[in-house]
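Proteins get letters first, then strands, A, B, ... in listed order; numbering begins at 1 in each.
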Amino acid sequence: MDCFISFPKLKCFTLKNFLRRWSSPDPKRSVIIISMEFNGKNILCKRGEKEVFSGLSIKLVPGEIIELHGPNGIGKTSLLRLISGISKPTHGTFYWSDGTVSEYPERHFSRITLIGSADALKPMLTVEENLYDWTWLNRPRPERSTIISALRVFGIDALADTPVRFLSAGQKRRLTLSRLLTVETNLWLLDEPTIALDSEAVSLLKKLLVKHCESGGMAVIATNNDMQIQNTRKVNLLSYARSRQHE
Amino acid sequence: MFNFLANPARFNQVTDRLMPATAGLAGLFLSIGIISALIISPPDYQQGDTVRIMYVHVPSAWMALFIYSFIAITSAIGLIWRHPFAHLSAQAAAPIGITFTILCLTTGSLWGKPMWGAWWVWDARLTSVLFLFFLYLGFMALNKAFDDPSRGEKSAAILALVGFINVPVIKFSVDWWNTLHQPASLLRADGPAIHSSMLTPLFLMALGFIFVAVCVLVTRIKVLLLKRRIRLMRINGGKLRS
Amino acid sequence: MNKLSWFIWHELKISLRNAGDTAVIVMFFLLIALLFPMGIGSSAALLTRIAPGVIWVAAILTAMLSLDSIFASDFEDGSLEQIVISPTPLILIVTAKFTAHWLITGLPLIFAVPIIGLIYDIPIKVFSLLLISMGIGTPILSLIGGLGAALVLGARRGGVLLALIVLPLLVPVLIFGTAAADAVFLGFSPKPPLLLLSAMLLAALAIAPSITTLAIRRALE
């Protein structure tokens with residue numbers, strides 16, 4: 001009679017499914033990147049109970065980068081959290097070419113990498129252990145060589161056995177960015193990735209982004225510094241803002 | 001029913017019309033109940049006039065359990081269908097429930113001193129009602145503990161569901177354990193074990209309590225709805241969305 | 001090594017390298033148990049009689065102390081977000097965390113009980129029953145306590161709040177854990193309380209991890 005309440009879709013729970021998820025590592029399919037579009041339609045975003053922006057639709061085709069711009073508090077980080085699937089949009093849907101995010105959350109999670117402002121590093125573990133455990137969280141058990149070569153790209157392989165608590169902010173940032181190399185995903189979500197990085201690391205990141213796009217990847221970057229990468233589309237969230245202070 | 005009332009405007013409209021009748025019934029049942037409980041009903045042959053405490057004690061125990069069940073059900077609705085109105089009604093009901101729990105514990109303790117010779121005994125029924133009190137307290141504290149109110153209501157709802165285990169424990173505690181507290185005398189397979197001269201005032205009081213609780217609950221829901229609206233207006237720059 | 005045991009090991013590594021975490025917890029446990037004789041006098045018979053209750057109360061308070069950290073640091077440094085958006089099922093990581101928590105804070109207590117047993121002069125039969133009831137009961141502390149810790153993630157004064165909501169839920173564990181050891185003093189069979197305690201463990205194993213995942217997702221949303 002009234003659309004105040006809608007029944008949620010329950011996922012079929014079978015013993016076989018349960019055992020598969022518990023006993024074996026993640027299915028192989030998640031490793032292969034299949035070029036695919038990612039869409040968000042008519043998104044309304046709330047931070048707590050505050051409506052930040054609404055009516056936002058984005059479309060990402062393989063090889064495309066979107067830079068999110070806009071003043072502080074406009075919802076750049078909130079949008080990244082929405083896209084990643086940590087929080088769910090109050091209105092609107094995100095979907096890949098082969099299904100919505102809410103219907104197939106695990107498939108979605110295997111296609112994204114989020115490098116947020118919080119580093120998710122354990123100070124007591126070494127650089128290598130941190131990257132290794134994170135990689136295994138996302139993929140079948142990794143090889144040690146994969147980890148070391150990712151660290152080498154970012155120039156921190158010499159620190160592999162150093163506990164993370166001895167690293168500088170820039171070195172920690174390099175370590176979090178090296179996650180992009182150990183796990184291949186379609187969509188990179190980067191929140192102010194250049195903070196604390198020196199110019200050498202910034203140009204390295206740009207090179208990685210370009211390579212990622214050439215192989216059919218996509219990226220959404222929340223930043224106020226122009227990254228100056230070709231093929232980048234800039235979206236200013238200001239035009240979707242709901243609150244008066246930004247009008 | 002829930003679906004129908006979940007719209008704040010309609011809720012206000014319906015309850016505004018029903019409120020005078022409910023309040024009138026509450027007053028009527030309570031006044032007749034109190035007169036018949038304190039004056040008309042006979043004193044117990046063993047307990048004397050102390051038995052009159054029962055007319056407050058038993059209905060408030062029922063209400064404490066009933067309101068907790070209400071909170072658990074609305075919490076489940078709120079968690080499954082993500083409806084803010086369900087969380088709001090649970091939040092509105094909690095202080096009413098804790099009041100009845102305190103009333104139940106206090107009157108029980110007043111009765112226990114002359115009858116058992118102690119204000120408090122560690123018996124299964126008493127202990128489990130004390131936990132009910134702490135569950136209410138935890139629910140209310142968790143609701144208020146977050147900067148973002150919607151976070152608090154979800155956590156509190158999960159707690160309410162987990163704590164629901166306690167409700168059957170309270171109900172059957174007098175049967176499962178050998179307790180000082182007397183076993184159930186009303187809801188029994190072989191019919192109530194109380195004489196009708198005491199049963200009638202008891203039911204009148206229970207009905208009075210129910211109508212009072214409904215009145216307070218409706219008023220509290222209205223207040224919370226208004227508070228929420230003010231909060232949303234404040235943070236979303238004057239836009240009224242509920 | 002499969003994924004579950006790897007992430008149990010991951011949690012253990014973090015705790016064990018925070019030098020002395022476990023040692024502090026065991027010391028706290030012993031200290032609470034040693035406070036009671038000072039408070040209520042040194043009558044040997046009385047101390048022997050109350051020993052099971054004292055040990056269980058001390059175990060529950062110790063669990064309260066360590067539960068705060070089970071998800072809080074992951075919540076603050078963003079690890080919990082990374083776990084939630086990984087293809088690994090959240091319930092696997094939650095199970096790993098509960099297991100690790102019990103290994104670090106529950107198991108050492110059982111090894112510390114003999115020391116208290118000597119001080120309180122517990123008879124050997126009571127002592128063995130106490131060890132069995134602790135073996136069954138301490139995992140429940142980790143499971144129900146962990147659920148509570150997930151509920152208060154991000155709350156103000158989370159520690160006090162955690163105690164307020166978890167302690168009432170843990171009282172049945174205290175009652176039956178103590179009852180199993182007390183049965184010897186009272187001349188009852190210890191079997192019923194132990195069976196009830198086992199039933200509680202099974203129920204907690206069945207519901208706590210899944211409800212915790214629900215609470216964690218709600219906390220991050």
Response to the item:
Looking only at C:Val152, C:Ile144, C:Ile207, the option with the highest number of non-hydrogen pairs under 4.5 Å against chain B is C:Val152
Fill in: chain C contacts, top residue of B:Val162, B:Ile158, B:Ile165 (heavy-atom pairs, under 4.5 Å)
B:Ile158
Worksheet item: Between the side chain of C:Arg156 and the main-chain N/O of B:Lys144, is any donor-acceptor distance below 3.5 Å?
Response: yes
Could you tabulate the donor-acceptor pairs under 3.5 Å formed by side-chain atoms of residues 100-110 of chain B, not counting sequence neighbours?
from: B:Thr101; atom 1: OG1; to: B:Gly97; atom 2: O; distance (Å): 2.7
from: B:Thr106; atom 1: OG1; to: B:Ile102; atom 2: O; distance (Å): 2.3
from: B:Thr107; atom 1: OG1; to: B:His57; atom 2: ND1; distance (Å): 3.1
from: B:Thr107; atom 1: OG1; to: B:Leu103; atom 2: O; distance (Å): 2.7
from: B:Thr107; atom 1: OG1; to: B:Cys104; atom 2: O; distance (Å): 3.1
from: B:Ser109; atom 1: OG; to: B:Trp119; atom 2: O; distance (Å): 3.2

Worksheet entry | C:Ala203 versus chain B, the contacting section by heavy-atom distance below 4.5 Å | neither
Worksheet item: What part of B:Leu135 lies closer than 4.5 angstrom to a heavy atom of chain C: side chain, backbone, both or neither?
Response: side chain
Response to the item:
So, the part of C:Leu169 with a heavy atom under 4.5 Å from chain B: the answer is side chain
Item to complete: Would you mind telling me which of B:Gly138, B:Gly152, B:Ser155 has the largest number of heavy-atom pairs within less than 4.5 Å of chain C?
Response: B:Ser155
Item to complete: Counting only heavy atoms closer than 4.5 Å, note whether B:Asp147 contacts chain C via side chain, backbone, both or neither.
Response: both
Item to complete: Measure distances from B:Leu130 to the heavy atoms of chain C and classify the residue's part below 4.5 Å as side chain, backbone, both or neither.
Response: neither
Worksheet item: Does C:Ala33 offer a backbone N or O that forms a donor-acceptor pair with the side chain of C:Tyr120 under 3.5 Å?
Response: yes
Practice prompt. Mind ranking C:Ile175, C:Ile211, C:Val171 by heavy-atom pairs under 4.5 Å with chain B and telling me who comes out on top?
Written response: C:Val171
Discussion item. Quick one: does any side-chain atom of C:Thr105 pair with a main-chain N or O of C:Trp102 as donor and acceptor, under 3.5 Å?
Written reply: no
Practice prompt. Verify whether the ring centers belonging to C:Phe98 and C:His101 lie closer than 6.0 Å.
Written response: no
Worksheet entry | Salt-bridge criterion met for B:Lys154 and C:Glu221 (N-O under 4.0 Å) | yes
Worksheet entry | Under 3.5 Å donor-acceptor, B:Asn166 side chain and B:Ser128 backbone | yes
